[in-house]
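This chain uses plain numbering: 1 for the first residue, then up along the sequence.
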Amino acid sequence: MDLTHIHLLLNHFPTIGYIIGGGLFLLSLITNSDHLKVASLVVLLGISLIAIPTYMSGKWRAGRHQVAAGHIEIPDTKT
């Protein structure tokens with residue numbers, strides 16, 4: 001498993017997590033619940049920490065295989 005697979009695995013967590021964490025935070029503001037507010041901030045912090053390796057693995061992938069205008073790099077699969 002290389003960084004491409006890790007990026008594809010982690011890529012969905014920040015998107016869905018921010019929606020869930022933001023929704024919980026809005027719900028905590030509406031209901032004026034301090035416990036729900038803390039829980040939503042913990043969810044957002046956890047998702048933010050997951051976003052770091054997601055970004056770094058995607059950045060590695062983009063830097064490794066760049067596609068120039070009119071040129072597509074095809075990796076050599078011969079063993």
>> As an exercise, state the distance from OG1 of T54 to NE2 of H12, rounded to the nearest 0.5 Å.
In response: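 If I round to the nearest 0.5 Å, the distance is 10.5 Å.
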>> For a quick test of reading the model, state the closest non-hydrogen atom pair linking S40 to G21 and the distance between them.
In response: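 Heavy atoms of S40 and G21 come nearest at CB-O, 3.7 Å.
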> So, for L44 and G17, which heavy atoms are closest and what is the spacing to 0.1 Å?
Replying inline: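 Taking every non-hydrogen atom into account, CD2-O, 4.5 Å.
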> Is there side-chain contact between L24 and I20, with at least one heavy-atom pair below 4.5 Å?
Replying inline: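 Yes, their side chains come closer than 4.5 Å.
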> Hey, quick one: are Y18 and L41 part of the same hydrophobic cluster, counting side-chain heavy atoms closer than 4.5 Å, chains of contacts allowed?
Replying inline: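 As far as the 4.5 Å side-chain criterion goes, L41 and Y18 are connected within one cluster.
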> Same cluster for L27 and I16 if Ile/Leu/Val/Met/Phe/Trp/Tyr side chains link at under 4.5 Å?
Replying inline: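 L27 and I16: one cluster.
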